[in-house]
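No hydrogens, no waters, no symmetry mates; every other heavy atom, side chains included, goes into these values. Just so you know, ligand 1 is whichever comes first in the structure, and atom 1 is the first atom listed for that ligand.
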Amino acid sequence: MQISDNWPGYSLDLFTYPQHYYGDLEYVLIPHGIIVDRTERLAKDIMQDIGDNDIVVLCVLKGGYKFCADLVEHIKNLSRNSERFISMKVDFVRLKSYHNDQSMQDMQIMGGDDLSKLTGKDIVGTGRTMKVLLNNIEKYKPKMIKVASLLVKRTSRPDGYRPDYYGFEIPDLFVVGYALDYNEHFRDLNHICVINDHGKAKYRV
Ligand code: HPA
Ligand code: MG
């Protein structure tokens, strides 16, 4: 699903969001309900592709936890209503590569032991994060690796990385909400929103 560069978004007045973020946001890029509905379709596509294989979901924290939780829930519900029940294990890895709204050179990878078969992530921007992670996972020689990302950014410096499944291709904007943060703030916002200059200044570190 493409969100074009001139998409104006939705006015914040059309929705509810935490009062402590009043004045910090520009507009709603993707409302929560659309995120959930699109994720359900990704779950269906994934189930079709994995066939009879059981899966290990590797959730990339912290920004991927909402997407991962909703994706797992949808796979579970869809598989309950079908012939074959897919067995799932969920594991977590933590990556950190952003400071303020800038991607940093060094990346930290923490945790995760049973790395195989399927990964879920929040954003693919430069693709650098994902490449580092995949190099680490391939050492464990899983039968199949699939990457699902809620968002893919149209950045000016992409390095050719494309996830197997993604929810939305978005403009090169810094977004927050649905577990995505700006210096650890805004994870408790349901919708994916664009932060304004006031919000950036307020939570700058
Ligand atoms: N928002 C939050 N975290 C991120 C982003 C973003 O737009 N891009 C990469 N990490
Ligand atoms: Mg972050």
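- Closest non-hydrogen pair, Arg187 versus Gly63, comes out as NH1-N, 3.6 Å.
- Remark: ligand 1 atoms within the under-4.0 Å shell around heavy atoms of Asp181 are 2 (C), 3 (N).
- For ligand 1, the atoms sitting less than 4.0 Å from at least one non-hydrogen atom of Leu173 are 7 (O), numbered in the order shown with element in parentheses.
- Restricting Asp181 to its N/O/S atoms, the shortest distance to the Mg ion (ligand 2) is reached by OD1.
- Per-residue contacts place Lys153 under 4.0 angstrom from the following atoms of ligand 1 (heavy atoms of the residue considered): 5 (C), 6 (C), 7 (O), 8 (N).
- Side chain of His191 to main chain of Thr16: a donor-acceptor pair is present (N/O by atom type, distance under 3.5 Å, no hydrogens or angles).
- The two residues Tyr166 and Leu42 have their closest heavy-atom pair at O-CD2, 3.5 Å.
- Between Tyr178 and His32, the ring planes are tilted. Angles from 30° to 60° get that label.
- Atom CD of Gln19 is surrounded by 12 or fewer heavy atoms from other residues, nucleotides or ligands within 6.0 Å.
- Here's the thing with Val175: one of its N/O atoms is less than 3.5 angstrom from an N/O atom of ligand 1.
- Note on ligand 1: Val176 sits outside its first shell, no heavy atom being nearer than 4.0 Å.
- A heavy-atom separation below 4.0 Å is not found between Asp101 and ligand 1.
- In this pair, Tyr203 and Phe186 present their aromatic rings perpendicular. The plane angle is above 60°, beyond the 30 to 60° band.
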